[in-house]
Amino acid sequence: MPLQGLFTPPGDKSISHRLILMSLLAKGEMLVEGLSSGQDVATSLRLFRHLGGKAIDERGGIRLFGLERALNPQKEDLELDCANSGTTMRLLAGILAGTPGTYKLIGDEQLSRRPMERVADPLRQMGAKIATQLGRPPVIITGGNLNPIDYQLKDASAQVKGAILLAGLLANGGPTRVTEIANTRNHTELLINYFGGKVTKEGLTLTVWPEPLTLTENFLTPGDPSSAAFFLTGAALIPGSKVTAKDLLQSPARTGFLRVLHRMGAQVSLTMTSDTPEPMGDVTVAYNGPLTATEIPAEEVPSLIDEIPILAFAATQAQGLTIFRQVDELRIKETDRLMSIRHQLGALGARVKVEGDDLYIEGPTSFMIPKELDSGSDHRLAMTLAIALLAAKAKIPILGEESIGISYPDFKAQLSGLWVD
Ligand code: S3P
């Protein structure tokens with residue numbers, strides 16, 4: 001049952017969050033086309049409105065009106081529910097740290113287990129008062145005057161980098177510096193510059209100046225590679241498949257999975273359709289014979305961090321030993337994804353081993369079909385398991401699959417459109 005045809009993935013989730021949250025700081029207005037349709041981005045939009053922002057649906061997209069830092073004055077503590085969205089909580093923390101008032105950021109059960117000191121620590125150093133509950137949500141922020149800092153990140157996290165850069169826009173009296181341990185997705189810095197602010201980069205060090213932002217007239221959101229990865233990887237491993245994703249974000253910090261699929265032997269081709277403010281193009285992946293194993297070194301991991309579950313499944317179908325190096329960040333995603341990959345792909349018969357922070361998968365696997373699979377309500381696991389069952393030609397329940405709506409509400413409908421019986 002090959003996958004064939006053309007699909008338009010949802011707008012990129014990381015960029016969508018940033019467009020909305022940066023509108024809290026910017027002046028002007030902007031029509032955004034193709035904003036992510038997932039629940040996570042709906043959460044950012046809800047909180048944008050809650051904080052006083054105006055967003056209206058229009059033909060062709062959603063119009064965001066910049067709030068110019070004039071967040072609703074807080075008479076009492078404000079509770080902001082970030083639901084399942086770690087990106088909302090961490091980026092918003094950067095903005096609220098520089099905003100007068102006291103804010104309590106809460107999340108759902110999964111988000112309430114995720115680490116927040118990584119973002120609280122630098123923001124405290126900038127002068128905000130922040131409390132976490134043993135390092136986790138709720139995060140209570142009393143914001144106000146911020147001073148610039150020079151901060152060395154301890155984790156490869158675009159969310160933490162982004163929070164510091166956004167807080168740096170609000171700091172008094174000079175530039176803020178943040179040094180990464182590895183290059184991570186660069187949407188915050190790119191969009192700050194696109195909206196008229198100033199961020200420079202030298203090596204792994206970014207410098208942001210406290211400059212005002214102005215929204216542009218229109219913004220076309222590129223397709224989300226982290227969503228498109230499921231069908232494109234499915235095409236790489238199911239014989240007879242050929243699938244094209246339209247207008248897909250081509251930021252090198254996000255397309256590591258395409259380089260890996262190519263290395264594993266899939267046919268990957270690209271036609272660029274635009275290059276500003278973010279590069280995008282139509283990507284076709286076609287089955288090209290059985291895949292072969294590969295090694296993913298630590299430096300490559302940030303460029304495919306969210307695609308590891310589906311790449312791990314691809315590895316179960318590839319000839320040889322695939323190794324993902326230093327993927328400990330997977331332990332603190334929506335679920336402990338190292339465990340979920342091991343247990344759920346293991347239930348399908350895959351040979352998966354975790355040693356230290358490395359993930360080893362030996363392929364090819366002939367499928368075992370259990371009674372059911374359990375995504376643990378992790379959207380990326382649920383979509384990985386859906387593709388796995390397609391490849392295995394099996395129909396069994398995936399527990400917690402409604403979580404797919406977090407990032408990709410049209411996943412099932414688009415899958416039935418591509419799937420040739
Ligand atoms: C994201 C950064 C990554 C990624 C997440 C989205 C972002 O998280 O896994 O899905 O938009 O900045 P970390 O910053 O925790 O690595």
Side-chain angles (χ1 to χ4, degrees), residues 10-22 35-36 38-41 43-44 82-95 107 110-111 113-122 135-137 139 153-166 178 180-192 206 221-222 224-230 249 251 253-257 278 298-311 324 326-338 340-341 357 378-381 383-384 403-404 406-408:
D12 188 68
K13 182 156 94 68
S14 291
I15 294 176
S16 297
H17 280 299
R18 286 162 172 80
L19 293 175
I20 294 166
L21 297 175
M22 287 167 78
L35 200 71
S36 162
Q39 290 157 12
D40 260 11
V41 168
T43 293
S44 278
C82 301
N84 194 251
S85 180
T87 311
T88 307
M89 188 175 280
R90 296 198 179 110
L91 292 180
L92 193 55
I95 292 173
Q110 276 182 352
L111 183 54
R113 285 197 292 265
R114 301 183 67 183
M116 292 297 150
E117 272 304 315
R118 48 175 56 195
V119 73
D121 177 56
R136 291 166 214 290
V139 180
L153 288 173
K154 297 168 196 75
D155 314 286
S157 168
Q159 293 174 356
V160 180
K161 169 180 66 175
I164 299 170
L165 291 175
L166 294 174
V178 52
E180 299 199 79
I181 57 171
N183 282 307
T184 62
R185 63 194 70 195
N186 59 349
H187 310 305
T188 312
E189 47 271 43
L190 207 140
L191 290 174
I192 289 176
L206 293 138
T221 318
D224 194 335
S226 301
S227 294
F230 298 99
L249 175 66
S251 162
R254 298 290 302 285
T255 49
F257 80 99
E278 292 267 13
E299 311 83 77
E300 201 173 17
V301 167
S303 72
L304 46 75
I305 185 73
D306 292 338
E307 292 68 71
I308 292 176
I310 188 66
L311 287 176
F324 297 84
Q326 314 238 310
V327 287
D328 46 313
E329 279 287 315
L330 291 185
R331 296 187 209 274
I332 53 163
K333 295 296 177 191
E334 283 80 335
T335 58
D336 175 344
R337 285 192 181 147
L338 270 181
S340 329
I341 288 170
D357 292 332
D378 179 333
H379 54 131
R380 302 210 194 275
L381 242 296
M383 289 184 274
T384 296
S403 59
I404 289 173
I406 292 285
S407 58
Y408 203 164

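Owing to the predicted nature of the structure, the values given are computational and were not obtained by experimental measurement. First listed ligand is number 1; within each ligand, the first listed atom is number 1.
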Fill in the blank from the handout: atom 6 (C) of ligand 1: of Gln159, Lys161, Arg337, the nearest heavy atom sits on Gln159
Handout entry: Part of Lys13 with heavy atoms under 4.0 Å of ligand 1, whether side chain, backbone, both or neither
Key = neither
Practice task
Compare every heavy atom of Leu111 with every heavy atom of Asn84, then report the nearest pair and how far apart it is.
Solution key: C-CD2, 4.2 Å
Practice task
Give yes if a backbone or side-chain nitrogen or oxygen of Arg114 is under 3.5 Å from a nitrogen or oxygen of ligand 1, and no if not.
Solution key: no
Handout entry: Nearest neighbour in protein (non-hydrogen) for atom 4 (C) of ligand 1
Key = Asp306 OD2, 3.3 Å
Practice task
Under the side chain to side chain donor-acceptor pair (under 3.5 Å) rule, what do Thr43 and Ser85 come out as? Steps first, then yes or no, please.
Solution key: CA-CA 7 Å; Thr43 293; Ser85 180; 5.9 Å; no
Practice task
May I ask you to test the Phe230-Thr384 pair for a side-chain heavy-atom distance under 4.5 Å?
Solution key: yes
Exercise for the section: Identify which one of Gln110, His379, Arg380 satisfies the side chain to side chain donor-acceptor pair (under 3.5 Å) criterion when paired with Glu334. Expected result: His379
Fill in the blank from the handout: In ligand 1, the atoms that come under 4.0 Å of a heavy atom of Ala158 are 12 (O), 14 (O)
Completion exercise
Min over Glu334, Arg90, His17, Arg18 of heavy-atom distance to atom 7 (C) of ligand 1 lands on Arg18
Exercise for the section: Start with the C-alpha gap between Arg254 and Ser226, add the side-chain angles, then the distance that decides, and say whether side chain to side chain donor-acceptor pair (under 3.5 Å) holds. Expected result: CA-CA 8 Å; Arg254 298 290 302 285; Ser226 301; 3.1 Å; yes
Practice task
Only one of Arg118, Arg337, Lys154 passes salt bridge (charged side-chain N to carboxylate O under 4.0 Å, His left out) with Glu329; say which it is.
Solution key: Arg118
Practice task
Would you check whether Arg380 has a nitrogen or oxygen atom less than 3.5 angstrom from a nitrogen or oxygen atom of ligand 1?
Solution key: no
Handout entry: Lys13 bridged to Asp224 by N-O distance under 4.0 Å
Key = no
Practice task
Within a distance under 4.0 Å of any heavy atom of Ser157, pick out the atoms of ligand 1 and give their elements.
Solution key: 13 (P), 14 (O), 15 (O), 16 (O)
Practice task
Apply side chain to side chain donor-acceptor pair (under 3.5 Å) to the pair Thr184 and Lys161, showing each step before the final yes or no.
Solution key: CA-CA 9 Å; Thr184 62; Lys161 169 180 66 175; 3.1 Å; yes
Practice task
Output yes when the distance from some N or O of ligand 1 to some N or O of Ile305 is under 3.5 Å, and no in every other case.
Solution key: no
Practice task
Ignoring hydrogens, just give me the one of His187, Lys333, Arg254, Glu307 whose non-hydrogen atom is nearest atom 16 (O) of ligand 1.
Solution key: Lys333
Problem - Check: Glu329 N/O within less than 3.5 Å of ligand 1 N/O - result: no
Problem - Numbering as shown, the atoms of ligand 1 that approach Ala156 to under 4.0 Å (heavy-atom distance) - result: 16 (O)
Handout entry: Contact check, Ser226 vs ligand 1, heavy-atom distance below 4.0 Å
Key = no
Problem - Thr221/Ser16 under side chain to side chain donor-acceptor pair (under 3.5 Å): CA gap, chis, key distance, verdict - result: CA-CA 7 Å; Thr221 318; Ser16 297; 4.8 Å; no
Practice task
Check for a donor-acceptor pair, side chain of Asp12 on one end and backbone N or O of Ile15 on the other, with a separation under 3.5 Å.
Solution key: yes
Problem - Nearest non-hydrogen protein atom, atom 11 (O) of ligand 1 - result: Ser14 OG, 2.7 Å
Problem - Pro302, portion touching ligand 1 at heavy-atom distance under 4.0 Å - result: neither
